[in-house]
Amino acid sequence: MLKDNIQSLLAQVSELSAANAEEVEALRIKYLSKKGEITALFNEFRNVPNEQKREIGQLLNQLRQQTESRINELREKVESQKSKVESKLDLTRTPDPISLGTRHPLSLVREEIIDIFSRIGFTVAEGPEVEDDKHVYGMLNFAPEHPARDMQDTFFIEKEIGVQKPTDVLLRSHTSSVQTRVMTSQKPPIRVLCPGRVYRNEAISARAHCFFHQVEGLYIDKNVSFADLREALLYFSKEMFGPDTKIRLRPSYFPFTEPSAEMDISCNICGGVGCSFCKGTGWVEILGCGMVDPNVLEACGIDSKEYSGFAFGMGVERITNLKYRVKDLRLFSENDVRFLRQFEAC
Ligand code: PHE
């Protein structure tokens with residue numbers, strides 16, 4: 001009986017198969033563990049009559065050896081299969097292509113403006129976008145009834161945030177508010193650029209948006225003249241649009257500067273000959289500027305008899321349009337990667 005069992009197991013051994021390490025281990029447990037089938041046969045061995053012990057003993061040992069070597073063989077096989085699979089994995093490969101973003105054209109141009117003015121000593125100052133009336137208008141010589149404070153231009157914030165009147169809180173409509181903050185907190189000489197986002201209540205179209213970006217500049221020192229203003233702006237225009245660029249200053253009005261001017265550059269699309277972009281004039285307007293009104297200096301605690309200064313302000317979108325011919329202002333805030341990718345090389 002025992003002999004038959006041994007022999008039928010011996011016949012099975014060479015047929016054993018396993019697909020993975022777990023199956024190999026299951027075979028080992030089934031046959032060779034303490035409760036395994038072969039171990040059970042060994043336990044029966046003591047009941048074998050003496051005269052058969054030699055023969056059965058040999059068979060049992062043969063069975064155990066063959067099972068062990070078959071299981072080892074299977075173990076090696078599954079391990080080598082596993083390492084073959086692993087060797088096909090390239091763990092150094094980058095996963096799915098990581099698409100890198102590009103710099104936004106407005107950021108590129110803002111940085112370029114800052115870079116140009118930093119070469120003549122301007123540093124950057126920043127301030128809050130949610131402002132109060134005093135810093136945006138009051139200290140900048142806006143008369144209380146000035147139309148720029150009108151609801152049409154300014155976004156007033158209804159909610160009272162610890163201020164006297166709800167209408168005192170607003171979204172800044174220009175970054176000149178940062179200039180008033182700098183003038184009240186620093187002593188001249190002052191040479192700052194104020195970049196940032198501004199808000200105006202305008203209908204959104206290809207040519208206007210309810211927010212845009214500005215870089216304004218302020219220089220206050222002893223004996224600052226209009227000639228200094230003109231020279232600084234000419235330098236900027238040539239650096240930004242090329243050495244052949246010409247500028248012209250047209251008289252204008254801002255409450256906070258006197259005299260005030262609007263500056264045009266020679267149209268960089270037609271070279272000043274006249275085209276549809278410059279409406280045949282050869283000139284395009286790019287910024288407002290002027291000498292800081294003495295009232296503003298005094299309101300900010302600066303002695304207007306000792307100091308004078310100039311200020312200017314430009315729209316970053318406008319400069320970007322001129323540089324890169326972006327026809328529709330809305331593209332800047334739509335986050336369309338097809339548009340943004342075009343500035344990859346800039
Ligand atoms: N603050 C003005 C505007 O937003 C621009 C400006 C700045 C004009 C400084 C003159 C001097 O339109």
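Atoms within each ligand, like the ligands themselves, are counted from 1 in listed order. In this text the structure is predicted, and so the values were computed from the model without any measurement.
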For ligand 1, list every N/O pair with the protein closer than 3.5 Å, one pair per line with the distance.
from: ligand 1; atom 1: 1 (N); to: His174; atom 2: ND1; distance (Å): 3.0
from: ligand 1; atom 1: 1 (N); to: Ser176; atom 2: OG; distance (Å): 3.1
from: ligand 1; atom 1: 1 (N); to: Glu216; atom 2: OE2; distance (Å): 2.7
from: ligand 1; atom 1: 4 (O); to: Arg200; atom 2: NH2; distance (Å): 2.9
from: ligand 1; atom 1: 4 (O); to: Gln214; atom 2: NE2; distance (Å): 2.8

- Does anything in residues 242-266 pair up under ring pair (Phe, Tyr, Trp, His ring centres under 6.0 Å), and if so which pairs, sequence neighbours excluded? Phe142-Phe256, His174-Phe256, Phe254-Phe256

- Query: With sequence neighbours left out, which residue pairs that include part of residues 51-66 fulfil the side chain to side chain donor-acceptor pair (under 3.5 Å) condition?
  - Reply: Lys3-Glu55

- Query: When you check the side-chain N and O atoms of Arg75 and Asn72, is any donor under 3.5 Å from an acceptor?
  - Reply: yes

- Note on the structure: So ring pair (Phe, Tyr, Trp, His ring centres under 6.0 Å) across residues 19-49, not counting sequence neighbours, yields none

- Query: Does a side-chain N-to-carboxylate-O contact under 4.0 Å join Glu344 and Arg341?
  - Reply: yes

- Message: In the structure I gave you, are the side-chain heavy atoms of Leu27 and Val24 within less than 4.5 Å of one another anywhere?
- Response: no

